[in-house]
Amino acid sequence: IVVDPPGLYPEPVRLAGASADFRLRLDPFAVDLGRFTIETEPGPGDAPAARLAGSGRVTVEDGGWQVGLDGRAARLEAAQLLALWPERIKPGTRRWFVNNLSQGTMTDIAGGIRLTQGAERPDIALTHEFRDADVRVLRTLPLVRGAEGVVSIQNNALTVTVHDGLMAAPQGGAADIAGSVFRIPDTRIPQPTPARLDLRAESTVTAALSLLDSEPFRFISRAGREVTLAQGRVSAEAGFDLILKPRVPGGPLERVPFV
């Protein structure tokens, strides 16, 4: 099956199969989707085909079209999820996924979308767990490898919680950042966009200090010290209020408030 709605996908989406049970009423107009299923083609590598199931309702009221869809899937590879996600629906949030949550397997996926004619943008909600993923919590920090955690999109906020994962620090080895949380409170705000990173790290002292000395922080260098100033292990917590925006190559880095 080839799906190619006008203006939704840059190229047609290929599906292994799809089915739906529905009821159509004409006065007033309503379509009730009691159940629909979508089966994707196999993903990259050895990724199996994925199966999505859901329900929905389409009506025409005084204000125009009203569309509500809810769906679930047991497992999707990151590439399969993005292939089904139209670029015009929450483009900023989708772009974050493309740039910061690569590879990996998504499990226990539940989502919903509400479309109202005349509304500025659709309302969507999405939650899923992830494992064996590469996660970038901040563009200038190393990737979190083999990450496990949860992604939630609720009330226009994007929250990523890492339950397990290692970040290779510039010096001192890897840091375990289990318990770290990255959050964009309102994804509707275009760049520059406020965000918050609550970073937890268990590592050698050198690894923790070298992460704090990464761009855009440079806390250790600004204090005139070296990241090797102490030995041992440490459990550290730090919170950073961020402004997400494109950086001009060669341009200055802004100071980042932290606690």
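Side chains included, hydrogens not; waters and symmetry mates left out as well; all remaining heavy atoms used.
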### Message
A side-chain contact here means heavy atoms from C-beta on lying under 4.5 Å apart; do L33 and L69 qualify?
### Response
yes
### Query
Does CZ belonging to R225 count more than 12 external heavy atoms closer than 6.0 Å?
no
### Message
Walk me through whether L138 and F217 qualify under side-chain contact (heavy atoms from CB on, under 4.5 Å).
### Response
CA-CA 11 Å; L138 197 62; F217 314 126; 3.7 Å; yes
### Message
Which residue in the set D176, D134, D132 passes salt bridge (charged side-chain N to carboxylate O under 4.0 Å, His left out) when paired with R145?
### Response
D134
### Task
Indicate if L242 and I189 have the same hydrophobic cluster label, given that clusters are the connected sets of ILVMFWY residues with side-chain heavy-atom separations under 4.5 angstrom.
no
### Query
Is a donor on one side and an acceptor on the other found under 3.5 Å between the side chain of T206 and the backbone of G172?
no
### Query
In Å and rounded to the nearest 0.5 Å, what is the CE to CD distance from M106 to Q80?
10.0 Å
### Message
A side-chain contact here means heavy atoms from C-beta on lying under 4.5 Å apart; do L52 and L76 qualify?
### Response
yes
### Message
Determine whether a donor-acceptor pair (N or O, by modelled atom type, separation under 3.5 Å) exists between the side chain of S152 and the backbone of T127.
### Response
no
### Query
Going by atom types alone, do T159 and R183 pair a side-chain donor with an acceptor below 3.5 Å?
yes
### Query
Any side-chain heavy-atom pair from T40 and L84 closer than 4.5 angstrom?
yes
### Query
Any Lys/Arg nitrogen of E237 or R200 sitting under 4.0 Å from an Asp/Glu carboxylate oxygen of the other?
yes
### Message
Quick check on Q231: does its CD atom have over 12 non-hydrogen neighbours (other residues, nucleotides or ligands) under 6.0 Å away?
### Response
no
## Note on the structure
Across all chains, not counting sequence neighbours, the side-chain contact (heavy atoms from CB on, under 4.5 Å) partners of L115 are V67, I113, P122
### Message
Other residues, nucleotides and ligands only: do more than 12 of their heavy atoms fall within 6.0 Å of CD on E226?
### Response
no
### Query
If every non-hydrogen atom of L211 is compared with every non-hydrogen atom of P142, which pair is closest and at what distance?
CD2-CD, 4.1 Å
### Query
E202 and S235: which non-hydrogen atoms are nearest, and at how many Å?
CG-OG, 3.8 Å
### Query
Does a side-chain heavy-atom distance below 4.5 Å link V135 with F182?
no
### Task
Give, for atom CG of L143 and atom CZ of R136, the distance between the pair rounded to the nearest 0.5 Å.
4.0 Å
### Message
I124 vs W85, test: side-chain contact (heavy atoms from CB on, under 4.5 Å). Steps then yes/no.
### Response
CA-CA 11 Å; I124 70 168; W85 188 336; 4.2 Å; yes
### Query
Parallel under 30°, tilted from 30 to 60°, perpendicular over 60°: which one fits the rings of H128 and F130?
perpendicular
### Summary
For Y9 and P86, the nearest pair of non-hydrogen atoms, with its separation, is OH-CG, 3.7 Å
### Message
Please find the pair of heavy atoms, one from A49 and one from E39, that lie closest to each other, and give the distance.
### Response
CB-OE2, 4.2 Å
### Query
Can you name the closest pair of heavy atoms from E41 and L15 and give their distance?
CG-C, 4.1 Å
### Task
Output the distance between atom CG (D241) and atom CG (D198), rounded to the nearest 0.5 Å.
8.5 Å
### Message
I need the R139 CZ to N100 CG distance, nearest 0.5 Å.
### Response
9.0 Å
### Task
Please examine the side chains of R131 and D164, heavy atoms only from C-beta on, and report whether any two atoms are closer than 4.5 Å.
no
### Query
Yes or no on side-chain contact (heavy atoms from CB on, under 4.5 Å) for L141 and L197, after CA distance, side-chain angles and deciding distance?
CA-CA 12 Å; L141 291 179; L197 171 62; 4.3 Å; yes
### From CD1 (I109) to CD (E129), nearest 0.5 Å
10.0 Å
#### Entry: Inter- and intrachain pairs under salt bridge (charged side-chain N to carboxylate O under 4.0 Å, His left out), touching residues 79-99, at least two apart
none
### Query
Is the shortest side-chain N to carboxylate O distance from R57 to D70 below 4.0 Å?
no
### Task
Considering non-hydrogen atoms only, spot the tightest contact between P185 and P194 and give its length.
CD-O, 3.4 Å
### Task
Could you check if a side-chain atom of L209 sits within less than 4.5 angstrom of a side-chain atom of D213, using non-hydrogen atoms only?
no
### Message
Please check if the number of heavy atoms outside N155 that lie under 6.0 Å from its CG is greater than 12.
### Response
no
### Message
Classify the ring geometry of W65 against F29: parallel below 30°, tilted from 30° to 60°, perpendicular beyond 60°.
### Response
perpendicular
### Query
Is any side-chain heavy atom of I38 less than 4.5 Å from a side-chain heavy atom of I1?
no
### Derivation of the salt bridge (Lys or Arg N to Asp or Glu O under 4.0 Å) call for D21 and R35
CA-CA 5 Å; D21 298 326; R35 178 179 175 84; 6.0 Å; no
### Summary
d(T93 OG1, I184 CD1) to nearest 0.5 Å is 7.0 Å
### Task
Find out whether M167 and S203 are in side-chain contact, i.e. whether some heavy atom of one side chain is under 4.5 Å from a heavy atom of the other.
no
### Query
Are any side-chain N or O atoms of D32 and backbone N or O atoms of G34, one a donor and one an acceptor, separated by less than 3.5 Å?
no
### Task
Test V181 against R196 for side-chain contact (heavy atoms from CB on, under 4.5 Å), laying out the working first.
CA-CA 8 Å; V181 179; R196 171 82 179 182; over 6 Å; no
### Query
Are any side-chain N or O atoms of S180 and backbone N or O atoms of V162, one a donor and one an acceptor, separated by less than 3.5 Å?
no
### Task
Determine, using the 4.5 Å side-chain heavy-atom cutoff (strictly less than), whether L199 and L166 are members of one ILVMFWY cluster.
no
### Query
Is I177 linked to F219 within one hydrophobic cluster, defined over Ile, Leu, Val, Met, Phe, Trp and Tyr using a side-chain heavy-atom separation of less than 4.5 Å?
yes
